[in-house]
Number of protein chains: 2
Amino acid sequence: MNIKEVAEKAGVSITTVSRVLNNPEMVSEKTKNKVLTVMDQLNYTPNWFARHLQKSRTNVIGMLIPDTLEQSYMEITKGVEKIARQKNCSIILCSTEFDPDMETDYITTLTERSIDGLILTSPSIDRKQFDRLKSRDVPFVFIGKTGFMEEANTVCTNNDTAAEEAVEYLIQSGRKNIAIVLSNHPKSDNHDKLTGCKRALQKHGLPLPDSNILHADNTPENGYIAFSKLLDMPVRPDAVFIATDTMAFGAIEKLNQANLTPDEVAVIGFDDLKVGAVIEPKLTTVTKPSYRMGMTAGRLLFDIIEEESADDDPQTIVLQSRLKIRKSCGNKERLKEIW
Amino acid sequence: MNIKEVAEKAGVSITTVSRVLNNPEMVSEKTKNKVLTVMDQLNYTPNWFARHLQKSRTNVIGMLIPDTLEQSYMEITKGVEKIARQKNCSIILCSTEFDPDMETDYITTLTERSIDGLILTSPSIDRKQFDRLKSRDVPFVFIGKTGFMEEANTVCTNNDTAAEEAVEYLIQSGRKNIAIVLSNHPKSDNHDKLTGCKRALQKHGLPLPDSNILHADNTPENGYIAFSKLLDMPVRPDAVFIATDTMAFGAIEKLNQANLTPDEVAVIGFDDLKVGAVIEPKLTTVTKPSYRMGMTAGRLLFDIIEEESADDDPQTIVLQSRLKIRKSCGNKERLKEIW
DNA sequence: CTGAAAGCGCTAACAC
DNA sequence: GTGTTAGCGCTTTCAG
């Protein structure tokens with residue numbers, strides 16, 4: 001079923017049918033109604049491909065995230081979706097599983113699909129892929145830091161100063177032997193968090209022996225194991241900064257099993273996952289503006305697509321994460337908090 | 001940049017260029033290489049729309065889920081993605097927020113985009129919308145029960161018997177006054193869970209007063225509130241079946257605050273969210289085969305798309321959920337379990 | 001093995 | 001207000 005059939009049944013030319021769809025104000029009420037009726041009868045839907053063969057925009061944007069099961073990424077996605085909906089756009093969502101090859105793959109597939117734009121979250125993109133992407137002539141926005149901040153629109157958050165604030169807080173509450181558990185992915189986030197931690201420690205002249213820095217995959221199980229290792233150290237840390245809530249959940253588990261209290265070993269997570277407010281002791285953590293990051297990236301992207309903003313003047317927008325203090329750091333005065 | 005330019009630069013006809021792309025075996029090595037080189041130089045990508053104007057398949061499928069922030073739905077999505085990748089297909093993911101209007105909206109948008117197929121998760125679709133969908137001539141598969149099981153391919157799980165098993169287990173461990181907290185969405189899942197609970201209770205001649213059935217939105221906070229209400233009842237329940245882990249987390253929180261043990265009030269959740277293994281007491285729950293449901297639905301859909309299976313002989317595939325017993329039901333012999 | 005030419009279904013000048 | 005017609009970039013007969 002195509003425009004021709006509709007035109008025939010309605011006794012008009014295909015142009016008129018096309019106009020009913022695209023410029024209804026150019027068609028008389030009478031003809032319009034006739035055509036609409038026929039369309040309805042025939043259950044006609046214009047062929048999307050024929051349509052976009054002429055028009056440039058496709059109303060589809062691509063979105064790359066490392067993992068669909070991580071709350072933060074899905075919050076970002078929700079933010080993008082909010083904006084995309086306003087712009088009448090759909091999102092092709094691709095999950096790279098933190099695999100650079102899959103990332104490359106998806107970038108190729110997506111740009112070939114003539115999407116209007118692309119949002120890449122925590123990309124592990126290298127120079128070569130970046131140049132390839134640029135040459136594709138598809139507007140894109142990065143979420144999370146990359147090595148190409150000068151050359152590409154980027155929305156990110158202050159992982160470094162947020163981590164610094166967290167460790168600063170630990171120090172202020174009297175902790176002296178602070179350990180750090182980093183996640184293996186994404187690289188840049190963890191690098192920044194470590195930088196922030198170091199800055200706070202240095203400022204107060206506190207040491208950070210290498211043995212106090214652990215790396216783990218981002219699961220509760222690995223958090224549990226890493227935390228166990230720290231507890232077994234000759235000199236037990238009195239506080240642990242853990243780069244993700246997910247790992248911190250495992251740590252809290254171990255803390256409880258070892259019959260330790262936050263006063264003995266404080267735990268700080270990162271991400272502000274919902275469940276952190278439900279476990280005991282409730283997790284002190286860093287809230288990231290994920291949803292807003294998604295919206296911001298979406299707006300930025302559509303500004304470029306709609307040429308309201310030049311693509312050759314890349315912006316970096318930094319949204320603020322901030323510390324959310326709960327019981328896992330042992331503040332006795334906060335014991336009454338519910339959420 | 002189009003096929004014509006490539007043809008000119010390579011000194012061949014556009015037909016040859018097209019063949020290099022689609023039927024390389026029909027072109028001599030020499031010409032092929034020449035063309036490929038030019039393509040590379042010009043960074044040529046065939047126009048996706050022109051291409052699919054002739055070909056029927058678009059290699060995009062749509063996927064509707066109620067909420068991108070719920071682990072189960074994203075696990076399903078991951079399963080679908082797995083299959084889609086094998087079939088070289090992308091997924092347009094749309095989140096309906098449990099809003100039937102958004103669902104209708106998205107179905108319209110997606111089918112207009114000439115997708116190859118559509119997977120609808122926990123749809124709240126009514127007769128009218130269902131007929132509209134069918135008339136669109138886009139293959140589709142439902143995940144989760146609907147009122148159209150006889151007419152549409154469906155992948156679902158045994159919510160009823162799984163809930164029955166859970167309650168049966170509670171009864172076997174000596175519980176007599178069992179309460180139920182249901183989630184407001186999705187309707188059919190909760191209906192089935194209730195049915196299962198009732199069946200188990202009935203079998204053992206146990207009563208289920210209406211006051212023992214609560215409904216809540218699917219958040220820890222609402223689980224907390226619902227559970228608090230139950231604790232405040234004149235006769236306190238000795239076990240609570242909660243329709244989702246998310247709500248159960250709030251319940252466990254309240255349980256701890258009230259200084260009650262699972263031996264006094266047992267708690268069973270549903271979904272097997274990861275964090276359930278980390279909270280204390282660890283949550284007894286029902287594991288759903290979400291990932292496999294996604295894969296199964298994906299395979300079913302592609303069978304129809306590739307016409308390996310007729311669209312007019314709808315199948316219903318039921319995958320099995322099963323009980324996962326942990327400490328929140330007070331089994332003392334299981335106290336040593338770690339995960 | 002290669003090329004010319006006819007469309008795919010639609011939009012957008014351009015005429016009337 | 002409406003119709004005619006020339007493409008959009010590609011695939012695919014059909015001829016060579």
Side-chain angles (χ1 to χ4, degrees), chain A residues 1-39 41-60 88 109 111-116 136-138, chain B residues 1-39 41-60 88 109 111-116 136-138:
Chain A
M1 154 126 31
N2 54 26
I3 200 171
K4 212 168 137 195
E5 279 189 56
V6 178
E8 275 165 17
K9 290 244 185 199
V12 296
S13 76
I14 58 166
T15 316
T16 306
V17 179
S18 172
R19 279 205 267 260
V20 170
L21 250 27
N22 301 292
N23 308 87
E25 70 283 358
M26 294 176 71
V27 184
S28 75
E29 274 306 302
K30 209 174 132 194
T31 340
K32 187 161 59 191
N33 287 330
K34 197 168 52 183
V35 173
L36 285 173
T37 313
V38 175
M39 279 184 179
Q41 272 172 19
L42 266 54
N43 204 347
Y44 165 76
T45 328
N47 180 305
W48 197 55
F49 292 97
R51 207 164 191 181
H52 289 281
L53 189 50
Q54 332 265 119
K55 296 198 164 191
S56 46
R57 289 212 27 203
T58 63
N59 289 346
V60 177
N88 210 345
T109 326
T111 48
E112 276 174 1
R113 283 203 188 345
S114 315
I115 50 175
D116 287 346
R136 285 315 185 109
D137 218 37
V138 173
Chain B
M1 154 118 31
N2 55 25
I3 201 171
K4 213 169 136 194
E5 281 189 55
V6 177
E8 277 166 14
K9 290 245 185 197
V12 297
S13 75
I14 59 167
T15 315
T16 304
V17 178
S18 172
R19 278 204 267 259
V20 171
L21 251 26
N22 301 293
N23 308 87
E25 71 284 358
M26 295 176 71
V27 184
S28 74
E29 274 306 302
K30 209 174 134 194
T31 338
K32 188 161 58 191
N33 287 330
K34 197 167 55 183
V35 173
L36 285 173
T37 314
V38 175
M39 279 183 178
Q41 272 171 20
L42 267 54
N43 204 346
Y44 166 75
T45 327
N47 181 305
W48 197 55
F49 292 96
R51 206 164 193 183
H52 288 281
L53 189 49
Q54 332 265 117
K55 297 198 161 191
S56 46
R57 291 214 24 207
T58 64
N59 289 346
V60 177
N88 210 346
T109 326
T111 47
E112 276 175 0
R113 281 200 187 351
S114 315
I115 50 175
D116 287 345
R136 285 314 185 111
D137 217 37
V138 173

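Residue numbering restarts at 1 for every chain, and letters A, B, ... go by the order of the sequence lines.
Remark: C1' of C:dG9 and CZ of A:Arg51 are 11 Å apart, rounded to the nearest angstrom. Protein atom CG of A:Leu42 is 15 Å distant from nucleotide atom C1' of C:dG9, rounded to whole Å. Atoms CG (B:Asn2) and P (D:dT11) sit 12 Å apart, rounded to a whole Å. With rounding to whole Å, A:Leu53 atom CG is found 12 Å from C:dC10 atom P. Atom P of nucleotide D:dT4 and atom CD of A:Glu8 are separated by 12 Å, given to the nearest angstrom. Computed from coordinates, the B:Lys4 NZ to C:dA5 P distance equals 14 Å when rounded to whole Å. Rounded to an integer number of Å, the gap from A:Ile14 CD1 to D:dA6 C1' is 11 Å. Rounded to an integer number of Å, the gap from B:Ile3 CD1 to D:dT11 C1' is 8 Å.
At a threshold of 4.0 angstrom between heavy atoms, the contacts of A:Val12 are confined to the sugar-phosphate backbone, with no base atom among them. Among the protein residues, A:Thr15 comes within range of the nucleic acid bases, having at least one heavy atom under 4.0 Å from a base atom.
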Would A:Lys34 and A:Thr37 satisfy side-chain contact (heavy atoms from CB on, under 4.5 Å), going step by step from the backbone distance to the final call? CA-CA 5 Å; A:Lys34 197 168 52 183; A:Thr37 313; 5.5 Å; no
Given side-chain contact (heavy atoms from CB on, under 4.5 Å), test B:Glu29 with B:Asn33 step by step and report yes or no. CA-CA 6 Å; B:Glu29 274 306 302; B:Asn33 287 330; 4.1 Å; yes
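Between A:Thr16 and D:dG3, a side-chain N or O to OP1/OP2 separation shorter than 4.0 Å is present. For the OP1/OP2 pair of C:dC10 and a distance below 4.0 Å, the side-chain nitrogens and oxygens of A:Tyr44 include at least one atom meeting the criterion.
Put simply, CG on A:Asn23 and OG1 on A:Thr16 are 11.5 Å apart, with the number rounded to the nearest 0.5 Å.
Side-chain contact, A:Ser18 with A:Thr15: no donor N or O sits under 3.5 Å from an acceptor N or O.
For A:Thr31 against A:Val12, the heavy-atom pair with the smallest separation is CG2-CG1, 3.7 Å.
Taking the six-membered ring where the residue is Trp, A:Phe49 and B:His52 present tilted rings, their angle falling between 30° and 60°.
A heavy-atom distance below 4.0 Å to DNA chain D is reached by these residues of residues 18-37 of chain B, ordered by number: B:Ser18, B:Asn22.
Counting heavy-atom neighbours within 6.0 Å of B:Lys9 NZ, excluding the residue itself, gives a total of 12 or less.
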